[in-house]
There are 2 protein chains.
Amino acid sequence: MSAPTVYDVAERSGVSIATVSRVYRNPDSVRAQTRERVLGAARELGYVPSGNARGLASRTTGVLGLCFPDYSDPDAETSAAATDADDDNAVMLYSDQIIRGMERAARRHGYALLIAASLDGGPESLVAKVAGRVDGFAVLSQTVPTSDLEVISRRLPVVMLAGPREIDHLDHIVVANADGERELARHLIQDHGLRRPAFVGGEVNSPDAEARFRGFQEACREAGLPVPEEPALRAGMMTQAEGARAAESLLDRASDGERPDALLFANDQMAVGALYALERRGVRVPEDIAVTGFDGIPLSRIVRPTLTTVRQPMQQLGEQAVELLVRRLGDRDREPVSLELPVSMARRASCGCG
Amino acid sequence: MSAPTVYDVAERSGVSIATVSRVYRNPDSVRAQTRERVLGAARELGYVPSGNARGLASRTTGVLGLCFPDYSDPDAETSAAATDADDDNAVMLYSDQIIRGMERAARRHGYALLIAASLDGGPESLVAKVAGRVDGFAVLSQTVPTSDLEVISRRLPVVMLAGPREIDHLDHIVVANADGERELARHLIQDHGLRRPAFVGGEVNSPDAEARFRGFQEACREAGLPVPEEPALRAGMMTQAEGARAAESLLDRASDGERPDALLFANDQMAVGALYALERRGVRVPEDIAVTGFDGIPLSRIVRPTLTTVRQPMQQLGEQAVELLVRRLGDRDREPVSLELPVSMARRASCGCG
DNA sequence: TTGAAAGCGCTAACAC
DNA sequence: GTGTTAGCGCTTTCAA
C-alpha cells in the first residue's frame with residue numbers, strides 16, 4: 001500500500017499512463033470524458049503526482065530558491081517600550097522581507113519558493129540541497145562559499161544579493177550603500193551644521209559596511225572636512241551590544257572639545273544599541289550628539305528618539321532577484337547584469353529632524 | 001553538454017556510480033582516498049546532485065512545505081506617522097512570522113522549507129505542486145480546498161494551522177482565540193468599568209473571528225451584561241477600510257445614550273482602521289470609547305493610541321507545525337493531535353491602560 | 001570497500 | 001486523442 005502512481009490511476013481508469021500524465025500537464029489535450037474518468041480515479045486512489053519524478057523527467061522543478069544567513073540579532077536589547085518579549089519576535093528581518101519579495105514575484109511567475117538558512121556541512125551542504133531542487137536561486141552574500149557557487153552556477157542560474165560581485169559571470173544586485181550614506185552624512189553636515197561626524201563600521205570584509213564608509217568619506221570630502229582613512233571604530237558583528245560599546249568607547253576616548261557631534265553607524269542595530277547606551281549615560285540625542293543608522297528596520301521607527309536612517313528596499317531586492325532568475329531561465333546566454341537599487345533616507349528625530 | 005551526472009563523475013574518477021552516490025550520502029563508507037578522487041572529479045565537472053533523482057530513488061525530499069493565503073491588507077491606510085510608503089512594507093504579516101518559525105524549526109531538523117501562497121488552479125493547483133515536492137506540509141486554514149487535503153493527506157503528513165479542524169485525522173494547531181478575547185473583554189468590563197462593549201466580527205465562516213466572538217459572549221455572561229447573539233457588525237475581509245466603516249456605522253447607528261463604550265474588533269487591522277476613523281470624527285480613544293484588536297501585529301504598537309490587543313504566537317505556530325510534521329514522519333500511526341497555543345494580552349493605550 | 005543492476009514515477013517523442 | 005517506449009539521475013539491495 002505505497003503511494004499510488006500513474007500506473008495505478010491508469011489501470012483504474014482504463015487508460016495509459018501517458019494519458020494520466022496529460023491530464024495533469026495539459027488537460028485540454030485529453031477528451032473531457034476521459035479526463036473526468038482519470039481525475040475520478042485519482043481522487044479515489046488519493047493520487048498526488050510526484051514532483052520528484054516530474055522534475056527528473058522534465059528537468060525543471062517550478063521552484064526557485066533562496067539561501068540566506070540567520071539575520072536575527074542574538075543580543076538585541078529589549079527596549080523600554082517593548083517590555084514584552086513576544087514583541088521582539090515581531091521585528092522584521094532582512095531575510096523576512098527578501099523572502100516576501102521573492103515569494104510574491106515567484107508566485108506571479110508560477111514558481112514556488114524554497115528557502116534555507118545557512119548551516120554548514122560537507123559535500124551535503126545547504127546549497128547542495130537547495131541547488132539540487134530548484135531551477136535557479138538567489139544567495140545572500142556571505143552565505144555560501146564562493147567556491148561552491150562557482151561550481152553550482154555552471155549548472156543553474158544564481159543571482160547574488162547585496163554583497164560584492166564575487167563571481168563576475170553571475171547576475172548581481174546591490175543596494176546603493178555609498179549613495180545612501182553620502183546623502184545621510186551630507187544632510188548632517190549641511191543641514192544640521194555638524195562638523196565632527198564619526199563613522200562606526202563593521203569588519204573589513206563586510207562590503208556593505210565598507211561601501212557605506214566610502215559614502216561617508218565622500219561627504220566629508222565634499223564638505224571640506226577631514227577625510228578619515230578608516231572608520232572611527234569597527235564592530236565585528238554589528239549588533240546592538242556592539243553599538244552600545246562603540247558609543248561608550250567613542251565618548252570616553254575623546255576629550256570634550258573633540259568629542260564627535262554625530263555618530264553614523266553602519267547599521268540600525270548598532271545605532272539602536274548606541275541610543276540605549278547614550279541614554280544610560282545621560283547624553284542627549286540629538287541635542288548633545290546626533291545618531292544615525294542604516295537599513296531602516298522597523299525598530300528604527302519605534303525607538304526613542306526615532307532613528308534617522310537609510311532604508312534598504314529589501315523586498316524589492318527579492319522581487320528583482322526573481323525577475324533576473326526568470327529572465328536568465330529564459331535565456332541562458334544573456335549578459336550578466338549588475339543592478340543597483342536606490343535607497344531612500346528617513347529623516348527622523350535622532351539627527352534633529354523629528 | 002548537459003549537466004553532469006553520477007555517471008560522468010564515476011567515469012572521470014574511475015569508480016562506479018554507486019561509489020559516487022555513497023560519497024554524498026554516507027562519506028564514511030568510502031575510503032578516504034577514493035572519496036577525494038570522487039569529490040575532485042565532481043568539482044571539476046561542476047557536478048550538483050539532482051534533488052529530484054534523489055527524491056525519486058529514496059522517496060524523501062528533505063523538504064517541508066507551507067501553503068498560506070496572501071495576508072497583506074490591500075487597503076491598509078498609511079498612518080500619519082508612517083508617511084513613507086516603504087515603511088508599510090516593513091509590517092510583518094502572519095505569514096512572515098509563520099514562515100520564520102517554520103524555517104527555524106525545519107532547519108533544526110535538517111529540512112528546508114518550501115513556501116507557496118494560494119493561487120487557484122485546476123488539477124495543477126498550488127497544493128499539488130507543494131505536495132509533490134515535500135515530505136509533509138502545513139496549511140493555513142482556508143488556503144486549500146478541504147477536498148484536496150482529504151486526498152493529499154492520505155499520502156503524506158499534513159498539519160492544519162489556525163482554523164477549525166476540518167479533517168479529523170490530521171494534526172491541527174490553533175491559538176486560544178476564545179480565551180484571549182474573553183480575557184480582553186473581561187479586562188474592559190472589570191478593570192475599566194465599561195458596560196456597553198460591542199464586538200465587530202468577520203464572516204460567519206471565519207472560525208477565528210467566531211471563536212473570538214464566543215470569548216466575548218462568555219465575558220458578557222460572566223459579567224452579567226446582556227449577551228449578544230451576534231456580533232454588532234460583521235466585516236467581510238476584516239481590513240482597515242472595513243474597520244473604519246464599522247466604527248462609523250456603529251456610532252451613527254446608536255443614539256448617544258446607547259452608543260457603545262468599547263469597540264472590540266476581531267482583528268488588529270480593523271481596529272487600526274477604526275482608530276483612524278474615530279480620530280477623523282473627533283471621537284477620543286480611549287476617553288470617549290475604548291478600542292481593541294486581536295493578533296498583535298507590529299502596527300498595533302505603532303499606531304496612536306497604541307492598540308490594546310491579544311498577541312497570537314504565530315512564530316510558535318510555525319515551530320510547532322514543524323514539530324508535529326517531524327513527529328508524524330517518524331511515526332505515521334500516532335494519534336492525530338490538536339494543540340491549542342496560549343495567547344497573551346497586550347494592554348496598551350487604546351483601552352485606557354496606556 | 002566497491003560494483004552491477006534494478007527500479008523510483010514521471011515526461012516526451014513517436015506511433016497509431 | 002491515445003498508447004508505447006525510452007529514459008531522467010539517483011539510491012539501494014545483493015554480490016563480490
Side-chain angles (χ1 to χ4, degrees), chain A residues 1-39 41-42 45-62 123-124 128-129 131-135 155-156, chain B residues 1-38 41-42 45-63 123-124 128-129 131-135 155-156:
Chain A
M1 107 113 225
S2 76
T5 72
V6 276
Y7 290 95
D8 302 314
V9 177
E11 182 172 1
R12 185 171 184 108
S13 51
V15 300
S16 73
I17 61 164
T19 298
V20 175
S21 176
R22 286 191 192 102
V23 167
Y24 286 86
R25 291 224 55 64
N26 187 3
D28 296 332
S29 70
V30 176
R31 206 198 321 161
Q33 185 190 329
T34 318
R35 194 194 316 146
E36 291 315 319
R37 206 143 34 90
V38 170
L39 252 18
L45 259 28
Y47 169 73
V48 180
S50 151
N52 285 325
R54 258 192 188 175
L56 184 55
S58 66
R59 300 123 177 302
T60 78
T61 64
E124 197 59 301
K129 185 161 202 167
R133 313 203 139 277
V134 300
D135 292 339
R155 296 302 157 202
L156 72 160
Chain B
M1 103 114 227
S2 76
T5 73
V6 276
Y7 291 95
D8 303 313
V9 177
E11 182 173 2
R12 186 172 186 107
S13 50
V15 300
S16 74
I17 60 166
T19 299
V20 175
S21 175
R22 287 191 191 100
V23 167
Y24 285 87
R25 290 225 56 63
N26 188 4
D28 296 331
S29 71
V30 176
R31 207 197 320 159
Q33 186 189 330
T34 318
R35 194 195 315 147
E36 290 314 321
R37 206 142 36 88
V38 170
L45 258 28
Y47 169 71
V48 179
S50 153
N52 285 326
R54 247 184 201 186
L56 184 53
S58 66
R59 298 116 185 293
T60 75
T61 64
V63 177
E124 197 59 300
K129 185 163 202 168
R133 315 204 138 277
V134 300
D135 292 338
R155 296 303 157 202
L156 72 161

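Letters A, B, ... mirror the listed sequences (proteins, then strands); counts begin at 1.
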Pairs under 3.5 Å (N/O, protein and nucleotides 3-7 of chain C):
residue: dG3(C); atom: OP2; partner: Ser16(B); partner atom: N; Å: 2.8
residue: dG3(C); atom: OP2; partner: Ser16(B); partner atom: OG; Å: 3.1
residue: dG3(C); atom: OP2; partner: Thr19(B); partner atom: OG1; Å: 2.6
residue: dG3(C); atom: N7; partner: Arg22(B); partner atom: NH1; Å: 3.4
residue: dG3(C); atom: N7; partner: Arg22(B); partner atom: NH2; Å: 3.3
residue: dG3(C); atom: O6; partner: Arg22(B); partner atom: NH2; Å: 2.5

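- For the pair Arg59(A)/Ser50(B), no side-chain contact is recorded, criterion being any heavy-atom separation below 4.5 Å from C-beta on.
- The backbone N or O of Ser29(B) lies less than 3.5 Å from no partner atom in the side chain of Arg22(B), so there is not a single donor-acceptor pair.
- Between Thr61(B) and Asn52(A), the closest heavy-atom pair is CG2-ND2, 3.4 Å.
- Phosphate contact (OP1/OP2 of dT11(D), side-chain N/O of Arg25(B), threshold under 4.0 Å): present.
- Between the CG atom of Asp28(B) and the C1' atom of dT1(C) there is a distance of 13 Å, rounded to whole Å.
- Checking the phosphate oxygens (OP1, OP2) of dG9(C), no side-chain nitrogen or oxygen of Arg54(A) falls inside 4.0 Å.
- Taking atom NZ on Lys129(A) and atom C1' on dC10(D), their separation rounds to 16 Å, with Å as the unit.
- Nearest heavy atoms, Thr60(A) versus Arg133(B): O-NH2, 4.0 Å.
- Remark: C1' of dT2(D) and OH of Tyr24(A) are 17 Å apart, rounded to the nearest angstrom.
- Rounded to an integer number of Å, the gap from Arg155(A) CZ to dG9(D) C1' is 14 Å.
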Assess the residue pair Tyr47(A) and Leu39(A) against the criterion (side chain to side chain contact (heavy atoms under 4.5 Å, CB included)); give the C-alpha distance rounded to whole Å, side-chain angles, the decisive distance to 0.1 Å, and a yes or no. CA-CA 9 Å; Tyr47(A) 169 73; Leu39(A) 252 18; over 6 Å; no

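- Between Asn52(A) atom CG and dT11(C) atom P the separation is 12 Å, expressed in whole Å.
- Comparing Ser29(A) and Ala53(B) by the nucleotide of DNA chain D that holds the closest heavy atom to each, the one mapping nearer the 5' end is Ser29(A).
- Here the side chain of Ser50(B) is nearest to one of dG9(D), dT2(C), dG9(C), namely dG9(D).
- Minimum interatomic distance between Arg35(A) and Val23(A) (heavy atoms only, all atoms of both residues): CG-CG1, 3.8 Å.
- Atoms CD (Gln33(A)) and P (dT2(D)) sit 9 Å apart, rounded to a whole Å.
- Taking 4.5 Å as the limit, every side-chain heavy atom of Val38(A) sits out of range of all side-chain heavy atoms of Val30(A).
- When heavy atoms are screened at a 4.0 angstrom cut-off, Ser21(B) is found touching base atoms of the nucleic acid.
- For dT2(D), the OP1/OP2 oxygens have a side-chain nitrogen or oxygen of Thr34(A) closer than 4.0 Å.
- Look at CG on Asp8(B): it is 13 Å from C1' on dC10(D), rounded to the nearest Å.
- Residue Leu45(A) contributes atom CG, which lies 13 Å from atom P of dG9(C) at whole-angstrom precision.
- Counting only heavy atoms from C-beta on, Ser58(B) has its side chain closest to dT11(D) among dT2(D), dA12(C), dT11(D).
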